[in-house]
Amino acid sequence: MTRHLITSAIPYINGIKHLGNLVGSQLPADLFARYQRARGNEVLFLCATDEHGTPAELAAAKAGKPVEDYCREMHEVQARIAEGFRLSFDHFGRSSSPQNHRLTQHFAGRLADAGLISEVSEKQVYSNADGRFLPDRYIEGTCPNCGYDKARGDQCENCTKQLDPTDLIDPRSAISGSTDLEVRETKHLFLRQSQMRDQLDEWINSKTDWPVLTTSIARKWLHDGDGLQDRGITRDLDWGIPVKKGEEDWPGMEGKVFYVWFDAPIEYIACAAEWTEATGRDDAEWERWWRTDKGADDVRYTQFMGKDNVPFHTLSFPATIIGSGEPWKLVDYIKSFNYLNYDGGQFSTSQGRGVFMDQALEILPADYWRWWLLSNCPESSDSEFTWENFQSGVNKDLADVLGNFVSRITKFCRSKFGEAVPAGGDMGAEEQALIDELSRRLEAYDRSMERMEVRKSAQELRAIWAAGNEYLQSVAPWSTFKEDPEKAAMQVRLGLNLIRFYAVLSAPFIPDASGRMLSAMNTLDTEWPSDVTAALTALPAGHAFTVPDVLFAKITDEQREDWQARFAGTRD
RNA sequence: GGCGCGGUAGCUCAGCUGGUUAGAGCGCUCGACUCAUAAUCGAGAGGUCGGGAGUUCAAGUCUCCCCCACGCCA
């Protein structure tokens, strides 16, 4: 038995995520977690909300709430939606947890002791009216290059020129509009990643089986320009984890917090500690997942994320882990994804473009989304969501191929033999041919799932469903029944067993439908098949079942057009 | 501008270290079946693999140049 530690990139607290975010990390991570559990392996699947930083503060202010309250509420909202999508996290934590405070401060202390933290004085813009330092992008002004009057302090969106906040003409706060700004000297901590460049480079080079997307992004950051740069890990904010050196104060750092990118990945570890606390387990329980000196040496750790998160996971977080000099578990495999586009453009949280997770669940059950998103996930390149493709994919695969299979065989059995698995007849050459094909395909399916080849897995699963229809079509029990009812009984018996077989194999993709198939077949036997012949005789003659309701109603053209129009604009 | 990732059938996409007539699903055409959610099954049409040059006995698959789309730029 293998032990799988699985984490999905943690979604930012600021609002509800869209389908592009979902398919880029949480959903494939869930697929893998469910598969590994189904195979009987021990799994700890963690995710959390990423709660610190200026955007959270501003969103809270906009909502008229204290930031703590805002984050607590939004965490609940995201947790509920995750349940709606059947994301099977063992724990859905919060980067603002006390556990993360302690761990983040601990890591900072260790890194400082190892000489990997430097203190740097820099000049930053302070807004007297807002009573805070302003991140570059929250300063607006006129672009010295093109004259655009809403240029941001980091870049002019109009002429794309890179800017320094001090370059702006008539700078003002993007938060309050105040022009009462001044440049102040402030001191910050930097993680000296550059010191660890060779070590990280060597580590990345050893990962020959990682997706090229992952390694190419990492290499770019390692070698581009002057190579890996040190990064600031503190900010002048109120909301965040106070800067401390372990449990001690950090002279000169009073009133500052760690920068969100530093504490967010540490939450992967803290989340495990939250999990033990929430479930009444000992600390040793989470340490055996994270400390190689305390039992985690046989853990296989896999991370899932969109490509925008790759630099933090391939470089910054490993630098934190390695730099601590402590035996923390390092990631074994990083599965990264490209972007899912929406109808010719990008999904966009800030512009409210696309379909958001809550809206998706309002119009259709989770399985529809899970299936389409996973079978079309942006694995090797960006991929595209269009309502036409979604409709035809879901209708064809789920309603016609799988749902109709369940329907045709159960209804036929009911009308000819009643609602119990019929007895009589023996399998012959055609059955053996089906079993041979299913055995081959099952092997291919397992291999793809093991390798996290998501689209390929979906393709194979679909072919497994289709094989049932091919079999029925060729043996035609409705004809056989007329001359040889015993033989028809055998064919139907096999067909009914295929439903259970499909339910088990499909569960990682479509857990709800899988559950309904199992309950219709009146069985709790969800053992992952190794021998197909045995798996297809699990339901014996005489075993009662019920004809289920339509598993997947089709998406009508009217619905599609309605949704197309409804989601054409932007969300408020 | 630099860098990254792509440009393969009408659509969405596969094609590992170069090697027989370039693949899948959808869509389309024709046929079969009638148990089933007007579902299923079979057959077929459809691509000079963005353009050009080169390496090679052999290139979608390697090299160079160009064009196009997208993304990132601490």
Side-chain angles (χ1 to χ4, degrees), chain A residues 136-137 154-155 159-162 190-191 193-194 208-209 211-221 223-233 259 261 306-312 315-316 336 338-341 344-346 372 375-386 388-417 448 451 453 455-456 458-460 462-463 465-482 488 491-492 495 547-556:
Chain A
D136 292 355
R137 63 184 155 138
D154 53 347
Q155 183 180 37
C159 68
T160 75
K161 188 176 167 60
Q162 304 272 314
F190 275 66
L191 177 62
Q193 303 182 127
S194 57
T208 51
D209 61 332
V212 284
L213 182 65
T214 305
T215 49
S216 69
I217 292 173
R219 290 210 177 86
K220 183 200 170 226
W221 284 59
H223 300 294
D224 203 33
D226 298 329
L228 189 61
Q229 300 296 297
D230 295 343
R231 293 200 67 152
I233 59 166
Y259 192 16
W261 76 257
K307 57 184 169 187
D308 50 329
N309 270 315
V310 169
F312 299 111
L315 305 170
S316 303
S336 56
N338 285 285
Y339 293 139
L340 179 70
N341 289 318
Q346 287 185 0
W372 193 89
S375 59
N376 291 280
C377 77
E379 223 163 0
S380 57
S381 62
D382 289 355
S383 68
E384 175 98 1
F385 176 93
T386 66
E388 285 85 358
N389 283 338
F390 176 66
Q391 179 194 23
S392 81
V394 160
N395 285 354
K396 198 72 197 166
D397 297 347
L398 296 182
D400 296 347
V401 175
L402 177 61
N404 184 55
F405 175 81
V406 172
S407 187
R408 69 194 294 205
I409 190 68
T410 52
K411 285 181 178 168
F412 181 73
C413 183
R414 180 172 62 184
S415 77
K416 305 298 183 195
F417 302 100
S448 299
R451 294 177 184 166
E453 295 167 339
R455 295 176 82 121
K456 211 168 159 189
Q459 220 174 340
E460 205 56 54
R462 195 201 123 95
W465 296 339
N469 282 313
E470 288 162 29
Y471 169 74
L472 283 189
Q473 207 62 31
S474 85
V475 302
W478 47 91
S479 300
T480 318
F481 184 76
K482 293 169 191 160
Q491 294 166 341
V492 168
V547 174
D549 292 336
V550 165
L551 273 185
F552 298 100
K554 290 203 204 192
I555 297 170
T556 64

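In what follows, chains are A, B, ... by sequence order, proteins preceding strands, each numbered from 1. Keep in mind the model is a prediction, meaning the values are calculated, not measured.
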Expressed in angstrom and rounded to an integer, what is the separation of [X] atom [atom1] from [N] atom [atom2]?
{"X": "F412(A)", "N": "C33(B)", "atom1": "CZ", "atom2": "P", "answer": "17 Å"}
{"X": "D308(A)", "N": "G4(B)", "atom1": "CG", "atom2": "P", "answer": "19 Å"}
{"X": "Q193(A)", "N": "A74(B)", "atom1": "CD", "atom2": "P", "answer": "15 Å"}
{"X": "R462(A)", "N": "U12(B)", "atom1": "CZ", "atom2": "C1'", "answer": "13 Å"}
{"X": "K482(A)", "N": "C33(B)", "atom1": "NZ", "atom2": "P", "answer": "11 Å"}
{"X": "I555(A)", "N": "A39(B)", "atom1": "CD1", "atom2": "C1'", "answer": "16 Å"}
{"X": "L472(A)", "N": "A36(B)", "atom1": "CG", "atom2": "P", "answer": "12 Å"}
{"X": "F552(A)", "N": "A39(B)", "atom1": "CZ", "atom2": "P", "answer": "17 Å"}

Proximal nucleotide (of [options]) relative to the [X] side chain:
{"X": "D400(A)", "options": "A39(B), U12(B), A32(B)", "answer": "A39(B)"}
{"X": "N469(A)", "options": "U40(B), U12(B), C26(B)", "answer": "U40(B)"}
{"X": "R408(A)", "options": "C41(B), U37(B), U40(B)", "answer": "U40(B)"}
{"X": "S392(A)", "options": "C26(B), U37(B), U40(B)", "answer": "C26(B)"}
{"X": "S479(A)", "options": "C41(B), U34(B), U37(B)", "answer": "U34(B)"}
{"X": "A466(A)", "options": "C41(B), C13(B), A39(B)", "answer": "C41(B)"}
{"X": "Q459(A)", "options": "C33(B), A24(B), U12(B)", "answer": "A24(B)"}
{"X": "Y339(A)", "options": "U37(B), U40(B), G71(B)", "answer": "G71(B)"}
{"X": "E384(A)", "options": "C41(B), C13(B), A39(B)", "answer": "C13(B)"}
{"X": "W478(A)", "options": "C13(B), U40(B), C33(B)", "answer": "C33(B)"}

Next on the checklist: Tell me which nucleotide, if any, is Watson-Crick or G-U wobble paired with C3(B) when both distances must be under 3.5 Å.
Outcome noted: G71(B)

Next on the checklist: My understanding is that a pair needs two contacts under 3.5 Å, Watson-Crick or G-U wobble. By that rule, which nucleotide pairs with U29(B)?
Outcome noted: A43(B)

Using a 4.0 Å heavy-atom cut-off, does [X] contact any base of the nucleic acid, only the sugar-phosphate backbone, or nothing at all?
{"X": "F481(A)", "value": "nothing"}
{"X": "L551(A)", "value": "base"}
{"X": "A476(A)", "value": "nothing"}
{"X": "S415(A)", "value": "nothing"}
{"X": "K554(A)", "value": "base"}

Atom [atom1], compared across [N] and [M]: separation rounded to whole Å:
{"N": "G1(B)", "M": "C65(B)", "atom1": "P", "answer": "15 Å"}
{"N": "C5(B)", "M": "C16(B)", "atom1": "P", "answer": "16 Å"}
{"N": "G71(B)", "M": "C49(B)", "atom1": "P", "answer": "28 Å"}
{"N": "G18(B)", "M": "U63(B)", "atom1": "P", "answer": "11 Å"}
{"N": "G4(B)", "M": "G47(B)", "atom1": "P", "answer": "35 Å"}
{"N": "U29(B)", "M": "A45(B)", "atom1": "P", "answer": "16 Å"}
{"N": "G51(B)", "M": "G60(B)", "atom1": "P", "answer": "11 Å"}
{"N": "C72(B)", "M": "G46(B)", "atom1": "P", "answer": "41 Å"}

Within a strict 4.5 Å, meaning less than it, do heavy atoms of the [X] and [Y] side chains meet?
{"X": "R231(A)", "Y": "P311(A)", "result": "no"}
{"X": "W372(A)", "Y": "L398(A)", "result": "no"}
{"X": "L472(A)", "Y": "F412(A)", "result": "no"}
{"X": "F481(A)", "Y": "V492(A)", "result": "no"}

Item to check | Contact under 4.0 Å: K396(A) side-chain N or O vs A39(B) OP1/OP2 | outcome: no

Item to check | N/O (side chain, R414(A)) to phosphate O (OP1/OP2, C35(B)) under 4.0 Å | outcome: no

Checklist outcome for this item: Assert: residue with more 5' nearest nucleotide on RNA chain B, out of S383(A) and D549(A), is S383(A)

Next on the checklist: Quick check: on RNA chain B, is the nucleotide nearest I409(A) upstream (toward 5') of the one nearest K307(A), or the reverse? Name the residue that is more 5'.
Outcome noted: I409(A)

Check: [Y] main-chain N/O paired with [X] side-chain donor or acceptor under 3.5 Å:
{"X": "T480(A)", "Y": "V475(A)", "result": "yes"}
{"X": "Q193(A)", "Y": "L228(A)", "result": "no"}
{"X": "N376(A)", "Y": "E384(A)", "result": "no"}
{"X": "N395(A)", "Y": "K554(A)", "result": "no"}

